Q: 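Handing you this structure, nothing more for now.
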Protein chains: 2
Amino acid sequence: MVTMSDVAREAGVSVMTVSNVLSDRRPVGAPTRARVLAAVEALGFEVNLTARHLRAGRTDTVALIVPSFHDYFGEVADEIAPLVEAEGRHLVLERTSANPEHEMESLSVARLQLYDGVLLSVAALDRDQLDRVRTPKPIVLLGEHEVPDRFDHIKLANEEGARLATSHMIEGGSRRILALGAAYESAHKMTTDRRVGWETAHREAGLPVDERYVVPVTTYSSQGAREALLDVVASGLPFDGVFAVTDVIALGAVAALAESGLRVPDDVQLAGFDNLDVSSFVPPGITSIDPNHRGVAQDAVRLLHRRMADAAAPAEHIVAPVRLVVRGSTRGGR
Amino acid sequence: MVTMSDVAREAGVSVMTVSNVLSDRRPVGAPTRARVLAAVEALGFEVNLTARHLRAGRTDTVALIVPSFHDYFGEVADEIAPLVEAEGRHLVLERTSANPEHEMESLSVARLQLYDGVLLSVAALDRDQLDRVRTPKPIVLLGEHEVPDRFDHIKLANEEGARLATSHMIEGGSRRILALGAAYESAHKMTTDRRVGWETAHREAGLPVDERYVVPVTTYSSQGAREALLDVVASGLPFDGVFAVTDVIALGAVAALAESGLRVPDDVQLAGFDNLDVSSFVPPGITSIDPNHRGVAQDAVRLLHRRMADAAAPAEHIVAPVRLVVRGSTRGGR
DNA sequence: CTGTTAGCGCTTTCAG
DNA sequence: CTGAAAGCGCTAACAG
């Protein structure tokens, strides 16, 4: 391995001068600089980032820690990456597998030390577990959980979004709207928040809230949603609308409705949440709640930068606004 | 910050003993061990991974470097993660933004030094650029490009997959099949390989190959595909089948066909490539070529482990087999 | 503008 | 089974 002292010897300067040329932290005379760069080139030197990190106490790297790499998180990550890079830092993704044990491990101070800042999308940790995370590292939490006040946090307007989607379907004539993937008690606070919004929409319209229309799913996948909805159809419970708590769930619903011979939106209106890319392409277009991924990404990075600049700043808690995007899966679109 | 020497002092042992307890590299007497662990607990010590990395020359971390975080790569990453973790290493994702400049930078030896091994999904680099990557780091290349022989490499059976999908639609009665997203000359070798498979299917069936049916897309997104296909419809070119070079492209085709009032598969058969989750849920189900993500992930991790164990092993070049998954978007399914 | 010194926190090596 | 010394490769701080 070629080290800085090899380069220094080759160029006839001190190690410090090589360091200064490469990091631009102090001015170096033009001729000296040229000799150093020539030596770097000749020897094929590349700085050892691990050594730099240890000495400088800085890695110029931000981690985004997510439950899984695909779907929602992949889309958000692609929004965050350019914002982090714009500040001259690298973004790396790690995943926790939505497994509380792994999630705690990802949060171990040891692992966090590798980064200058961390964006953590909490999936399975409750407030108490988060409270045990004691680190001076700048952390911004993303996600729908309740978190200790001392953390910066961004969540979506879950109730509001669910209410908007449900009201929209009520206005379109639906009277028996399933809340697919929603729950009364759940490790995922998001599913209960969105259930509440679904209830609120009913109350506002003077419609009764029937618990049988809250349909949980066993696995939060399209497949799980498909099976759950097919079970409802088989049970004979009449319905004319489906509010899916996420677009991934809505996708499973689309499949189940098609297989059951139910037409969207004629027989059943359908709305989702997250506004994934796919929702605008699946015919007839899935009405969804747009959480403004880009805006959330910007807020997240802004909070993290603020926190990295000032560890003592008061924690900020943002509820990101959402909006309804009407497509062909509900009446009133097109 | 609490360091090992703080712990050593607290426990009344040497720094070395603390290190041995924590890394399990040398046996430590039970009572000593207990004192050390108590001190670790009392002080809240966490090992400094950067220092460990520098000294040990090892990070126990593998990087998967991909063009973007979403869709295809996110799904593959979720398959790879558990395999890497099973060997006691961490997986991190970095992205190159499918931009040749960034891709070269991600490949800088400096950045690679941070990892014990790298899985690199080449998107925009040609063989010459890859040939300039000179590093002793274990690297396994993934993707459809041609790569220098000295690299381990896994690619899909692109021609074969395209041929299978196209032949299947020909058997189902299609005679005018668009190759949507395919190309004659392209930075993406994949798009030309799949075009060749489309041609082969025609030749085998004794059908003419009409260049007008090769429809490039400007951006490799569903939206780009949707627009390209709407343009074809508007042009009046008759067609009764669409081979989409990826499922993301196929999704855009589904939207465009629906908007044009063309029924799938009655008026137009449709097949994609990649077998993304979404393809099984979009009605009527998109016939696709399954690249066996899990198998590719296993091969990739196997090659990387072999390379990490033996830097001098001969490079292996794997063409991963694919299979046709028939769904409702083609006749002969269901 | 350039150099010298010291040391980041850990683990390898050698010694007991 | 435990310890002391040395140093991984780099940069902050201080000197000239």
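Keep in mind that the numbers below use all heavy atoms, side chains included, and drop hydrogens, waters and symmetry copies. All chains are named by letter (A, B, ...) in the order of the sequence lines, taking the proteins before the strands, and each is independently numbered beginning at 1. If you're wondering where the values come from, they're calculated on a predicted model, not measured in any experiment.
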Q: Strictly below 4.0 Å, N to O, side chains only: are B:R111 and A:E46 in salt-bridge contact?
A: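 Looking at B:R111 and A:E46, the cut-off is not met.
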Q: Side chain of B:L54: nearest nucleotide among D:dT11, C:dC10, C:dG9?
A: C:dG9
Q: To the nearest angstrom, how far is B:H53 atom NE2 from C:dC8 atom P?
A: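 About 19 Å, once rounded to whole Å.
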Q: Kindly compute the distance separating NE2 (A:H305) from CG (A:L303), expressed to the nearest 0.5 Å.
A: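 Separation between the atoms: 11.0 Å.
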Q: Just the rounded figure in Å: distance from P of D:dA4 to CE of B:M4.
A: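 Checked: the CE to P distance equals 16 Å.
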Q: Does a side-chain N or O of B:T32 approach OP1 or OP2 of D:dC1 to a distance below 4.0 Å, or not?
A: no
Q: Could you check whether B:V13 gets within reach of a base, just the sugar-phosphate, or nothing at all, counting any heavy atom under 4.0 Å?
A: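 Sugar-phosphate, no base atom in range.
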Q: Side chain of A:R25 only, heavy atoms from C-beta on: which candidate in D:dA12, C:dG9, C:dT12 is closest?
A: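 Shortest atom-to-atom distance from the side chain points to D:dA12.
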Q: Could you tell me how far apart B:M1 (CE) and C:dG7 (P) are, to the nearest whole angstrom?
A: 18 Å
Q: May I have the distance from A:R52 (atom CZ) to D:dC8 (atom C1'), rounded to whole angstrom?
A: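 Going from CZ in A:R52 over to C1' in D:dC8 covers 16 Å.
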Q: For A:S19 and D:dT11, is the shortest distance between a side-chain N/O and OP1 or OP2 below 4.0 Å?
A: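 Result: yes.
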Q: Under 4.0 Å: is that the gap between some side-chain N or O of B:T50 and OP1 or OP2 of C:dC8?
A: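 So the side-chain polar atoms of B:T50 never come under 4.0 Å of the phosphate oxygens OP1 or OP2 of C:dC8.
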Q: What contact category does B:V28 fall into here, base, sugar-phosphate, or nothing, at under 4.0 angstrom with non-hydrogen atoms?
A: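 Counting heavy atoms under 4.0 Å across all strands, the contact made by B:V28 is with sugar-phosphate only.
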Q: Could you state the atom-to-atom distance from CG of A:D24 to P of D:dA12 in whole Å?
A: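 These atoms are roughly 13 Å apart.
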Q: Let me spell it out: for each of B:M16 and B:A51, pick the nucleotide of DNA chain D with the closest heavy atom. Which residue's pick is nearer the 5' end?
A: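 It is B:M16 whose nearest nucleotide is closer to the 5' end.
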Q: Any carboxylate oxygen within less than 4.0 angstrom of a Lys/Arg side-chain nitrogen, looking at A:D152 and A:R302?
A: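 Looking at A:R302 together with A:D152, the answer is no, because their closest N to O distance does not fall below 4.0 Å.
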Q: Can you tell me the distance, in whole Å, between the CD atom of A:Q113 and the P atom of C:dC10?
A: 8 Å
Q: Does B:T61 reach the side chain of B:L114, with side-chain heavy atoms less than 4.5 Å apart?
A: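 Counting from C-beta outward, B:T61 and B:L114 never come under 4.5 Å.
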Q: In terms of side-chain heavy atoms, does A:T59 have a donor or acceptor partner in A:D116 at a distance below 3.5 Å?
A: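 Result is yes, a qualifying pair exists.
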Q: Per the atom types in the model, does the base of C:dG7 pair as donor or acceptor with the side chain of A:R55 at under 3.5 Å?
A: yes
Q: Quick one: which of D:dA5, D:dT2, C:dT4 gets closest to the side chain of B:T17?
A: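 Within the option list, the nearest is D:dT2.
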Q: Atom CD in B:E94, atom NE2 in A:H90: separation rounded to 0.5 Å?
A: 7.0 Å
Q: Could you tell me the separation between the CG atom of A:L49 and the C1' atom of D:dT11, rounded to a whole number of Å?
A: 13 Å
Q: Under 3.5 Å, which protein N or O atoms sit close to an N or O of nucleotides 14-16 of chain D? Give each pair with its distance.
A:
{"residue": "D:dC14", "atom": "N4", "partner": "A:R26", "partner atom": "NH1", "Å": "2.8"}

Q: Would you mind reporting whether B:F69 and A:L93 have side-chain heavy atoms less than 4.5 Å apart?
A: yes
Q: Roughly how many Å is it from CG in A:N20 to P in D:dA13, rounded to a whole number?
A: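 Interatomic distance, CG of A:N20 to P of D:dA13: 13 Å.
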Q: Please determine, for the side chain of B:P27, which listed nucleotide (C:dG3, C:dT12, D:dC1) has the closest atom?
A: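 Of the options given, the side chain of B:P27 lies nearest D:dC1.
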Q: With a 4.5 Å heavy-atom cut-off, do A:D149 and A:H317 have their side chains touching?
A: yes
